[in-house]
Amino acid sequence: LKEGMDANFRLFITALPDKAFPMGLLQMCTKVTNEPPAGLKAGILRSYTVIVDQDRLERVDTGAAQWRQLLFALCFLHSTVQERRKFGSLGWSIPYEYNNGDLTACILFLEKHLYNGSISWPTFQYMVCEAQYGGKITDNLDRRLFKTYTNVWLNNGTCQEGFSFNPKVPIFKIQDNFVYKVDSHEQISNYHAYIKSFPEIDSPEIFGLHPNADLTFRVKEVNALFDTLSETQPKGGGGGGDGVSREDIVSEKAVEIIGRMPEPYVEEEYRVRINKLGGLTVPLNIFLYQEIQRLQAVLSKVTFMLKQLRLAINGEVVMTEDLQACLEAIYGAKVPGMWLVTVAGDEFSWILPTLGLWFSSLLMRDEQDRTWLMSGRPNTYWLTGFFNPQGMLTAMKQEVCRKHQKDANKWALDDIVYHTEVTNYTNVDSVKSGPPEGCYVHGLFLEGGAWSREQAQMVESEPKTLFVPLPVLMVSANLKNEELKSRKDSYGSQGPYDCPCYKYRARTDRYFIFFVTLRCTPEKNPSFWTLRGVGLLCNTD
């Protein structure tokens, strides 16, 4: 075959990932991919090489300057939303695969739209945000973020003299004091020269993020590197000579964990205690009952698996795949997968990166539930310590709703929304009693911003401080109409920033809890904090 084959012959193969694909053939191949370039400069330069050429610049005669300016703004927006993915959940909740087809569709719409006369900004923004790019967006908060980009960057001011993508007051100086402006050049070569003058290193502030986001990106990259190194380490048997074997280390750790496990919950006993707290007709008592049931399931499973693991190490029972995976996880200071999720993939306990953090959380959760069960409701709830924090807040809403059943306009659960206020309590011990209505919660952390107790509003984070504890939060319920009036009176014309609260750093609908209203200034309005990616987290690990 080689004798009759042309030296320039190449065979291109495209295939979906498949375990049956021959490994030998894969190793012989050269991987060819078409991925978006890294960096704002490279991304925009590619757009002005592959998509935008001299012919496209000259396609619109009426309002040609505006056409060229908006063309550049679209390319800048396209590269920005692609680059923002590298910041993880701080950038996008879900890393969408935006491509040249999205940009091309927006450019074609803009071209046809300008042919018909003057531009309609709401139409243009809607088509870019909701129709073209928005067709891929599945998360509501990602849609809110993209809509903010179009409102801020694609408006009548974009074509005005003096407009730039730079922040009004940057926290750190941008390299060479470069100004990302929207120019209107008639020649494509002038655009190429301008784009090549971009700084090599992109400041996160150009994307609307805080400079700390760059540290988040670096930490994410390093953690991925260490995870890869850890997975590639040999996992052989025990050592020889006088060295302690891996099995002995895990067996000792299992004995230590079993010895520190809390006392199991007996259903007959905690049912009696709950009846003394008011019985299962009280919504929050039902919630406590469900939390104790789930915590007991975790205690039972962990204790059983650790005892079985010790027996397997001693050769008294068969070392199954689950027990072997448990042994390897404990040896690597990781949490066994069977303790985290069920076979169906549902969350069984709580997701934390190391065994030490996970077990510490178990003890703290047990302390909160046991104290509530024995001594009554706490003055403030540790929201992180619940399996179902949404259920706790819903039970609170039900109790507030029942209190207002005797009002002239009887409250219905479907007609009320959350009402939140940040208090001045920074120390949980200083909270001596709960609020008249609702509850106090603590243990939340702000990412992407900070909270000023003195000014009682959102402020910028300190350099190199990724997470800032939020003071104790008061959560209650209110009628929708009354809450809207209250927001206008309390937060002014710009309104508050609706900050999403999540169980984990992975900001998906699966871990979303509720919105918290945070006060902000007219200069740094809700759009500003939306681009910052500010969110509240129960866990920062």
Side-chain angles (χ1 to χ4, degrees), residues 32-54 56-57 67-111 128-129 132-137 142 145-150 152-154 158 163-167 170 174-176 178-185 187-211 213-214 216-218 220-221 531 533:
V32 180
T33 59
N34 186 20
E35 297 178 350
L40 200 57
K41 175 180 177 180
I44 300 176
L45 190 59
R46 182 184 184 185
S47 297
Y48 270 81
T49 303
V50 177
I51 299 176
V52 181
D53 53 14
Q54 187 64 40
R56 194 179 288 276
L57 283 180
W67 154 250
R68 292 190 293 267
Q69 287 175 312
L70 292 178
L71 190 60
F72 181 83
L74 282 174
C75 293
F76 193 94
L77 174 65
H78 178 71
S79 293
T80 297
V81 297
Q82 284 188 319
E83 280 300 299
R84 195 177 169 108
R85 292 181 303 183
K86 73 180 183 181
F87 299 104
S89 59
L90 189 62
W92 295 101
S93 299
I94 300 172
Y96 304 98
E97 293 294 332
Y98 302 119
N99 54 42
N100 288 344
D102 302 313
L103 176 59
T104 303
C106 292
I107 291 174
L108 288 174
F109 170 78
L110 176 62
E111 180 183 336
V128 173
C129 173
Q132 306 299 352
Y133 288 91
K136 294 182 176 179
I137 299 175
D142 284 340
L145 172 61
F146 207 111
K147 188 175 182 179
T148 304
Y149 268 127
T150 55
V152 174
W153 285 1
L154 300 179
T158 308
F163 175 84
S164 73
F165 297 103
N166 295 48
I174 296 176
Q175 186 178 346
D176 301 327
F178 190 83
V179 178
Y180 294 85
K181 54 186 179 180
V182 181
D183 282 336
S184 175
H185 300 295
Q187 299 297 321
I188 193 72
S189 58
N190 293 337
Y191 276 107
H192 288 166
Y194 171 57
I195 297 168
K196 289 177 181 178
S197 67
F198 278 24
E200 294 294 335
I201 300 175
D202 302 323
S203 169
E205 292 188 77
I206 298 301
F207 310 127
L209 294 164
H210 191 277
D214 191 56
T216 302
F217 165 63
R218 304 297 175 189
K220 178 169 131 331
E221 292 289 295
L531 296 182

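Remember, it's a predicted structure, so these values are computed and weren't measured experimentally. Nothing fancy with the numbering, it's 1 onward along the sequence. Side chains are part of it too, since the values below use all heavy atoms of this structure and drop only hydrogens, waters and symmetry mates.
- Here CZ of R84 is found 14.5 Å from CZ of F217. Values are rounded to the nearest 0.5 Å.
- Counting heavy-atom neighbours within 6.0 Å of I201 CD1, excluding the residue itself, gives a total of 12 or less.
- H210 places none of its side-chain heavy atoms less than 4.5 Å from the side chain of P204.
- At least one donor-acceptor pair closer than 3.5 Å links the side chain of R85 to the backbone N or O of Q82.
- Of the possible polar contacts, none joining the D214 side chain to the D202 backbone as a donor-acceptor pair under 3.5 Å is found.
- Rounded to the nearest 0.5 Å, atoms NZ (K220) and CZ (F87) are 9.5 Å apart.
- Counting heavy atoms from C-beta outward, I107 and W67 have side chains that approach closer than 4.5 Å.
- You'll find the side chain of Y98 stays beyond 4.5 Å of the side chain of L103, heavy atoms only.
- Closest of all the heavy-atom pairs between E83 and G39 is OE2-N, 2.9 Å.
- With hydrogens and angles disregarded, a donor-acceptor distance shorter than 3.5 Å links the side chain of R68 to the backbone of H185.
- Atom NZ of K147 is surrounded by 12 or fewer heavy atoms from other residues, nucleotides or ligands within 6.0 Å.
- V128 has its side chain within reach of F146: a pair of non-hydrogen atoms, C-beta onward, lies under 4.5 Å apart.
- Side-chain contact between R56 and E111 is present, with heavy atoms from C-beta onward closer than 4.5 Å.
- Of all non-hydrogen atoms in F163 and V182, the two that sit nearest each other are CD2-CG2, 3.7 Å.
- Note: Y48 and H192 have perpendicular aromatic rings, judged against thresholds of 30 and 60 degrees for the angle between ring planes.
- When side chains are defined from C-beta on, W153 counts as touching T80, because their heavy atoms get closer than 4.5 Å.
- Interatomic distance, Y133 OH to H78 NE2, rounded to the nearest 0.5 Å: 5.0 Å.
- The heavy-atom pair separating A73 from L154 by the smallest distance is CB-CD2, 3.9 Å.
- A donor-acceptor pair is defined here as one N or O able to donate and one able to accept, closer than 3.5 Å; no such pair exists between the side chain of Y149 and the backbone of C129.
- Taking 4.5 Å as the limit, every side-chain heavy atom of F72 sits out of range of all side-chain heavy atoms of V52.
- Rounding to the nearest 0.5 angstrom, the gap separating the CG atom in L145 from the CH2 atom in W92 is 4.0 Å.
- Checking side-chain atoms of Q54 against main-chain N and O of I188 turns up a donor-acceptor pair under 3.5 Å.
- A donor-acceptor pair under 3.5 Å links the side-chain atoms of D102 to the main chain of N99, judged by distance alone.
- Enclosure of atom NZ in K181 is not indicated, since only 12 or fewer non-hydrogen atoms of other residues, nucleotides or ligands lie within 6.0 angstrom.
- With rounding to the nearest 0.5 angstrom, the CD atom of E200 is 7.5 Å from the CD atom of Q175.
- The side-chain contact (heavy atoms from CB on, under 4.5 Å) test with Y180 is passed by exactly one of S164, P199, S203: P199.
- Taken from CZ in F165 to CG in L40, the straight-line distance is 9.5 Å, to the nearest 0.5 Å.
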Full working for side-chain contact (heavy atoms from CB on, under 4.5 Å) between I44 and Y194: CA-CA 11 Å; I44 300 176; Y194 171 57; over 6 Å; no

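- The two atoms that bring L209 and L90 nearest to each other are CD2-O, 4.0 Å, heavy atoms only.
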Candidate pair V179 and I174, rule side-chain contact (heavy atoms from CB on, under 4.5 Å), full reasoning: CA-CA 8 Å; V179 178; I174 296 176; over 6 Å; no

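- Remark: side-chain polar atoms of S93 are not paired, donor with acceptor, to backbone N or O of D142 under 3.5 angstrom.
- Distance alone, capped at 3.5 Å, places no donor-acceptor pair between the K41 side chain and the I195 backbone.
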